[in-house]
Protein chains: 2
Amino acid sequence: MASIKDVAAAAGVSVATVSRALNGHPSVSADARARVMEAVDALGYRPNAVARSLRTDQTHTLGLVISDVLNPYFTELARSVEEEARALGYSVIIGNADERPELQDHHVRTLLDRRIDGLLVSPTDGGSPLMLDAARAGTPMVFVDRWIPGVDVPVVRADGQTAVRDLVAHLCRLGHRRLAIIAGPAATTTGSERVEAFRAALAEYGLPLPDVYIGQGDFQAESGRRVTEGFLDLPQPPEVVFAADNLMALGALDAVRARGLRVPDDIALAAFDDIPWFVHTDPPVTAIAQPTGELGRAAVRALVDRIEGRTPRSVTLPARLVVRRSCGETHVPSQPPAPPTQSPSPVQRSTS
Amino acid sequence: MASIKDVAAAAGVSVATVSRALNGHPSVSADARARVMEAVDALGYRPNAVARSLRTDQTHTLGLVISDVLNPYFTELARSVEEEARALGYSVIIGNADERPELQDHHVRTLLDRRIDGLLVSPTDGGSPLMLDAARAGTPMVFVDRWIPGVDVPVVRADGQTAVRDLVAHLCRLGHRRLAIIAGPAATTTGSERVEAFRAALAEYGLPLPDVYIGQGDFQAESGRRVTEGFLDLPQPPEVVFAADNLMALGALDAVRARGLRVPDDIALAAFDDIPWFVHTDPPVTAIAQPTGELGRAAVRALVDRIEGRTPRSVTLPARLVVRRSCGETHVPSQPPAPPTQSPSPVQRSTS
DNA sequence: CTGAAAGCGCTTACAG
DNA sequence: CTGAAAGCGCTTACAG
């Protein structure tokens, strides 16, 4: 590959002048600039980004460590992150943790070794020493979706509390009383927060959340299937299963179907995260939708602010309930049960 | 960040010795090695991969340019690519072309600038000058899924011909006669090959594929919806729509539902690419499954062979038909219509 | 077994 | 406006 020396020789100038011409430095004569550009074209020269990075100590690259590429939520997040980053002049390198803390650390380490300018992460655990060290050492960092309490890093995420309360209101209105949840790992914020939001909402309706109705999943499909089978084996199975993410809902559908049961007749289902397929499942799945694209863009803006010396802001955006048919048919009840303390916020009713 | 100089100073050796110790060079005394390791731990030193790459002229990084991250097929491909690469000691940087040739070129250029060791690509078009130049210039390269004819680059892909013939046999057996296809861009191999395979299979059954039954899509959901609407508006709409990928099938489902029609009663649907959600759609979708994980792994092995001086091999793996209910209920016909020339190969019948 | 030195391909003060 | 030179952090022949 042609190097800057070859271009300099071909253009009859020094490498310094080539560098300046290519970087749009004003103090280059029109003549020199033209000769450089000509040589660049003739040689098909492309600057070596590795050399440039070593010299300037910046890579114009962001690292993004997502929890699971097979999860459409993270895939959509990754897409919006890349788009916004590109618009701001950054590339992004994606690492897939596959919900495994050690794989997450592998990617964080690799990314740090490559001297990425900043790190966007959705932690799969409560904070490994590596991640904590990086944050403390001042690596520009932003948490997205999931975060680690007690670490001084901006957080961009959705707040699902209101939407979860709306969901519980919807379920109660349909007459359900035995509600269960498939939780994510307790070490993740989304793993514990969604259970707590669910528990709090149930409490408003005077409903308990017994331990047997809290199934421990890992945000991947197989765990959703396993937990749902456990629920179905209970002497008194729940009437509703709320999956804390879309992949565990997929697993739940697998389990229900494998027993020859039907949603919602035999058991109702709802999910955190909305995805396009939920419109076409049998039945369409009631879900809590996050403003995924906006989260990705806000996270990039916060990280780039941090990198470029501005003050980054944490952002929390609301999630919202999308009612479909997987919890039973909705009909206007003569006497809607109002929660004791707060009335539910407006709910989007899907046209599907 | 601590550099190799800091480590050398702390350990009381030269940077050369630190480098050798870290790279497991045999000619380093046990004593020196121990002092280096101690200094490394104390300083939390991590070698700068940028500097190392500049010096060694290798990045141990593979570039992967996929057509669309929102497509679960490519997402699964990306996952298997990353896994196999990691096992072989390589990182991978993913670029999402979003089915746009100019965005594909942007990523190829960025990846080349970063001096990745090799490039895995699933081209969104028939070959841009940039891609062609890179191949000709000797950049280690492998095409996966889609490829560019006339370029001397190994290809790893699935052959869907047999599966498409099985699909057509299945459709004929169900009594369908007016079959349509939502095609991908003609400039892509999968865009044109799938249409040709479909046309050839129909010919075996003496069935035509009129131009009005070939809808031009772009492999993304919206185009599937648009094309399907066009089909439904025809004076004589097709009885079956075969979507050339899973996202266009999603769009087709959207269109059918928007009209208040039902699959398969009003119109049947089949798709190229199988994804987990097809088991749970209403109705479950008959699809052609690719050995996606194996394709990703084989592509990485071919590329690494090429990079490390061995001779890479092209690989073609068979796809297979998975029958579900979206084309109508299957029942054993008294007189199965056999194709004139060849009998269909065994078909996997899904349990779902 | 070890160190001094060159060099990978850039950028950028410094001097003219 | 331009060039010579230093230096980013490594690796690796070369000499001892």
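Below, each value reflects all heavy atoms present in this structure, side chains not excepted, and no hydrogens, waters or symmetry copies. Please read all numbers here as calculations on a predicted model, not as lab measurements.
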Whole-Å distance between [N] [atom2] and [X] [atom1]?
X	N	atom1	atom2	result
B:K5	D:dG7	NZ	C1'	8 Å
A:R33	D:dT2	CZ	C1'	13 Å
B:D31	C:dC1	CG	P	12 Å
B:Q58	D:dT11	CD	C1'	11 Å
B:D57	C:dC8	CG	P	11 Å
B:R35	C:dT2	CZ	P	8 Å
A:H25	D:dG3	NE2	P	14 Å
B:L22	D:dG9	CG	P	16 Å

### Task
Verify the distance criterion only: is there a donor paired with an acceptor across the side chains of A:T189 and A:R157 at less than 3.5 Å?
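Judged by distance alone, the side chains do not pair up.
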Of the nucleotides [options], which has the atom closest to the [X] side chain?
X	options	result
B:T17	D:dC10, C:dT2, D:dT2	C:dT2
B:S14	D:dT12, C:dC10, C:dA4	C:dA4
B:L54	D:dC10, D:dT11, D:dG9	D:dG9
B:I4	C:dG3, D:dG9, D:dA4	D:dG9
B:S3	D:dG9, D:dT11, C:dT2	D:dG9

So what does [X] hit on the nucleic acid, given a heavy-atom distance under 4.0 Å: a base, only sugar-phosphate, or nothing?
X	value
A:A49	nothing
A:V13	sugar-phosphate
A:N23	sugar-phosphate

#### Entry: OP1 or OP2 of D:dC1 under 4.0 Å from side-chain N/O of A:S27
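Looking at the OP1 and OP2 atoms of D:dC1, neither is under 4.0 Å from any side-chain N or O of A:S27.
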### Task
Establish, with yes or no, whether the OP1 or OP2 oxygen of D:dT2 is under 4.0 angstrom from a side-chain nitrogen or oxygen of A:S29.
yes
### Query
Under a 3.5 Å cut-off for both distances, is D:dA13 Watson-Crick or wobble paired, and to whom?
none
### Query
Now, which nucleotide makes the Watson-Crick or G-U wobble pair with D:dA4, with each of the two distances under 3.5 Å?
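None - no nucleotide pairs with D:dA4, as no candidate has both distances under 3.5 Å.
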### Message
Say we look at C:dG9 and C:dA13: how far apart would their P atoms be, to the nearest angstrom?
### Response
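Approximately 23 Å lies between the P atom of C:dG9 and that of C:dA13.
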### Task
Provide the distance between the two P atoms, one in D:dC1 and one in D:dA5, to the nearest whole Å.
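Approximately 23 Å lies between the P atom of D:dC1 and that of D:dA5.
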Ignoring hydrogens and angles, tell me if any N or O in the side chain of [X] forms a donor-acceptor pair with the backbone of [Y] under 3.5 Å.
X	Y	answer
A:D117	A:T59	yes
B:N23	B:H25	no
A:D218	A:Q220	yes

#### Entry: Polar side-chain contact A:R55-D:dG9 base: donor and acceptor under 3.5 Å
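There is none.
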### Query
For the base of C:dG9, is there a side-chain donor-acceptor partner from B:R115 under 3.5 Å away?
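A donor-acceptor contact between them is absent.
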### Task
Specify the residue among B:A51 and B:A30 whose closest nucleotide of DNA chain C lies further upstream toward the 5′ end.
B:A30
### Query
Starting at the 5' end of DNA chain D and moving along, which residue's nearest nucleotide shows up first, B:V50 or B:R20?
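Mapping each residue to its closest nucleotide by heavy atoms, the 5'-most match is B:V50.
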### Task
Flag the pair A:E294 and A:R297 as a salt bridge only when some basic side-chain nitrogen lies within less than 4.0 angstrom of an acidic carboxylate oxygen.
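Looking at A:R297 together with A:E294, the answer is yes, because their closest N to O distance falls below 4.0 Å.
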### Query
Is atom CG of A:D133 surrounded by more than 12 heavy atoms (other residues, nucleotides or ligands) closer than 6.0 Å?
yes
